[in-house]
There are 2 protein chains.
Amino acid sequence: MATQLDQITQNLRELVLEGAYEPGAAVREVAVAEKLGVSRTLTRLAMAALEQDGLLLREPNRGFRVRSFTLDEVADAIEVRGELEALAARQAAERGLAPALAAQLRAILAEAEAVAQEGFKELSNRSRWIDLNCAFHSGIVEGSANKALPPALDHICRVPLAGPRAIVFNRTVPDQGIAQLQAAHDDHVQILDAILNRQGQRAAALIREHAYRSGRNKRANFDALQQTAVWPALPGVALVRRAGNE
Amino acid sequence: MATQLDQITQNLRELVLEGAYEPGAAVREVAVAEKLGVSRTLTRLAMAALEQDGLLLREPNRGFRVRSFTLDEVADAIEVRGELEALAARQAAERGLAPALAAQLRAILAEAEAVAQEGFKELSNRSRWIDLNCAFHSGIVEGSANKALPPALDHICRVPLAGPRAIVFNRTVPDQGIAQLQAAHDDHVQILDAILNRQGQRAAALIREHAYRSGRNKRANFDALQQTAVWPALPGVALVRRAGNE
DNA sequence: CCGACAGTAATTGCATGCAAAATTATCCCA
DNA sequence: TGGGATAATTTTGCATGCAATTACTGTCGG
């Protein structure tokens, strides 16, 4: 392990994301320290890190509380992500993809196609699909060669359900779920095509629309998403509220 | 003071930004603790916060080092900021500005006009101009009503020279400097006009261009900027390198 | 003269302890 | 019985201390 702090921070992050503490409720230092088996000092460090993540809110002399997110905030975050990825796609198109990266992205899409053929009944296929989705999106970012984009995207993807890992495998209405995934894949194909043809504006518009639809789907699927046990579980879904305060 | 930690963090942030520690050099806990007159624990907390800011880099078991930025990274960050503000402008236009906010933005531009008339010989005028610039930009963001934008912009503006406070009053070539400021002001007028007329795409394009030019100006003025004592001082300029490693 | 090694100093990682602030409980009095 | 002041408890804020890791320096062998 790099250092204990990193480990502890990650543990606490997962605890919070899986809803171990009620959103809005106080997170006591001693409780966390005992649960994680470390000292209060280390706990405090980890909580400070999670405050920067936006998962915890600190109130002076009153400690930390779990933050909750509204569906609107999630949608806003997705829109921001779309805009950042649109910049990435545009710059990738303008500057041109390195041949190796282009090949890699093509391979990702080819494998995604294969996975989709097999369907999503298997957990392994769903996991693989998620990984491929993430790989594609970060590949675009890499292609932009913009050094400020990765941290900016990391930051925005910390709001629950906003990142490319947050894919909803809707099993209550399977056909609809599959159709959405297929549509997303088709988007990817078009986006890569635009980038390879150096069509910056087209790529940007496509990826913006891609993000927009993703946000709409998440909003539409939200109820099913919280009720049914979808798997792999979406981290942070426990922190999202339909609407309301803070 | 809210708590000592916030104070200490801000003090250390200013120290780092003004170049008190050589970029790339180690920042020792004890040295900082003594300089700030607090314990190592508190110092460590503050340094962790500055790591999240991106100002310090942590290496396990080796402590923190001051990060340095290249001009390219600054330019990338400005491009990202431009894209985020373009989203803000577009959404503000689409959703419509609240009348009070519209009036406020008009007032800001009117006062900026008045300040420009007086010229920038006075420090107070330069400071005021910076404040008005910031107010205009955050007004657009407020008008977007996008809850994910403020934190995203805060984050990107932490890279030195990337934020709207980082205005270069070029005094080596005064006429050129004034011309740039005037051009920026004209941009603002056009942007507000586009938003008020609900021209989302136009507003977005204008603000994108606005950011792009801002980045170009900073690059062009960089040498003058580091050599001459411009005032108000630009925080973090000491951390920017023309090019190179890390 | 150069490189490996050992011992020492310096520095970070983490836990514990004490003081201050906030929260909760208790008691007194109207 | 209810309201408010006050005392007790809990909880956070911060400092100090010890262990572990890393960096330094001088020495020895080749």
Side-chain angles (χ1 to χ4, degrees), chain A residues 1-17 19-68 239 245-246, chain B residues 1-17 19-68 239 245-246:
Chain A
M1 106 189 69
T3 135
Q4 224 174 322
L5 174 60
D6 303 318
Q7 186 78 23
I8 292 301
T9 303
Q10 184 56 22
N11 288 358
L12 182 55
R13 180 182 288 119
E14 285 166 10
L15 276 177
V16 172
L17 284 177
Y21 304 91
E22 201 65 23
V27 183
R28 309 276 171 216
E29 289 183 3
V30 282
V32 176
E34 283 177 14
K35 189 167 186 85
L36 299 179
V38 296
S39 78
R40 284 203 307 125
T41 302
L42 209 46
T43 302
R44 174 183 290 268
L45 259 320
M47 297 206 297
L50 262 51
E51 182 197 8
Q52 294 293 335
D53 275 18
L55 258 45
L56 297 181
L57 297 170
R58 189 167 78 85
E59 288 167 281
N61 292 320
R62 287 213 229 166
F64 296 85
R65 297 204 340 260
V66 179
R67 180 176 164 195
S68 68
L239 306 183
N245 39 357
E246 149 203 15
Chain B
M1 103 191 72
T3 133
Q4 224 174 322
L5 173 60
D6 302 319
Q7 187 78 22
I8 291 301
T9 303
Q10 184 55 23
N11 289 358
L12 182 55
R13 178 181 289 119
E14 284 166 11
L15 277 177
V16 171
L17 284 176
Y21 304 91
E22 199 67 21
V27 183
R28 310 273 171 218
E29 290 184 0
V30 282
V32 176
E34 283 176 15
K35 189 168 186 87
L36 299 179
V38 295
S39 77
R40 284 203 307 124
T41 303
L42 210 46
T43 303
R44 173 183 289 268
L45 258 322
M47 297 207 297
L50 261 52
E51 182 197 9
Q52 294 294 333
D53 275 17
L55 258 45
L56 297 181
L57 297 170
R58 189 167 77 86
E59 288 167 280
N61 292 319
R62 286 213 228 167
F64 296 85
R65 296 201 345 258
V66 179
R67 178 175 166 195
S68 67
L239 306 183
N245 40 357
E246 151 203 13

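Since the model is a prediction, treat every value here as computed from it, not as a measurement. Computed from heavy atoms alone, side chains included, the values below leave out hydrogens, waters and symmetry copies. Letters go in sequence order (proteins before strands), and every chain restarts at 1.
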Item to check | Rounded distance in Å - CG (B/L42) to C1' (D/dT16) | outcome: 13 Å
Item to check | Spacing between B/L36 atom CG and D/dA15 atom P, to the nearest angstrom | outcome: 11 Å
Item to check | Rounded distance in Å - CG (B/L45) to P (C/dG13) | outcome: 13 Å
Next on the checklist: Looking at B/L57, is its backbone amide N or carbonyl O close enough to the side chain of B/R65 to form a donor-acceptor pair, meaning the two atoms are under 3.5 Å apart?
Outcome noted: no
Next on the checklist: Is there a side-chain contact between B/Q4 and the phosphate of D/dG13, meaning an N or O under 4.0 Å from OP1 or OP2?
Outcome noted: no
Next on the checklist: Checking contacts here: which listed nucleotide (C/dT12, D/dT12, D/dA15) is nearest the side-chain heavy atoms of A/E29?
Outcome noted: D/dT12
Checklist entry - To the side chain of B/T41, which of D/dT16, D/dC14, C/dC14 is closest? => result D/dT16
Next on the checklist: How close do B/R67 and B/G54 get, counting heavy atoms only, and between which atoms?
Outcome noted: CD-O, 3.3 Å
Checklist entry - Taking all atoms of both residues into account, what is the closest heavy-atom pair of B/L5 and B/A46, and its distance? => result CD1-N, 3.9 Å
Next on the checklist: Just verifying a value: how many Å separate B/F64 CZ and B/E29 CD, rounded to the nearest 0.5 Å?
Outcome noted: 7.0 Å
Checklist entry - According to a strict under-4.0 Å criterion, is A/T3 in side-chain N/O contact with OP1 or OP2 of C/dC14? => result yes
Checklist outcome for this item: A/R58 atom CZ is separated from D/dT11 atom C1', nearest whole Å, by 14 Å
Checklist entry - To the nearest angstrom, how far is A/F64 atom CZ from D/dT11 atom C1'? => result 13 Å
Checklist entry - In whole Å, what is the span from the CD atom of A/E34 to the P atom of D/dT12? => result 12 Å
Checklist entry - Could you state the CZ-P distance from A/R28 to D/dT9, rounded to the nearest angstrom? => result 18 Å
Checklist entry - D/dA15, C/dA22, C/dG13: which one has an atom nearest the side-chain heavy atoms of A/R62? => result C/dA22
Item to check | Per B/N61 side chain, nearest of listed nucleotides C/dC14, D/dT21, D/dC14 | outcome: D/dT21
Checklist entry - From D/dT16, D/dT11, C/dA15, pick the nucleotide closest to the side chain of B/S39? => result D/dT16
Checklist entry - Between D/dT12, C/dA15, C/dG13, which nucleotide has the shortest distance from any of its atoms to the side chain of B/R44? => result C/dG13
Checklist entry - Which of these nucleotides, D/dT12, D/dC14, D/dA15, is closest to any side-chain atom of B/V38? => result D/dA15
Item to check | Distance in angstrom units between B/D6 CG and D/dC14 P, rounded | outcome: 8 Å
Checklist entry - Once you round to the nearest 0.5 Å, how far does CD of A/Q7 lie from CG of A/L12? => result 12.0 Å
Checklist outcome for this item: Picking from D/dC18, D/dT12, C/dA15, the nucleotide nearest the side-chain atoms of B/R40 would be D/dC18
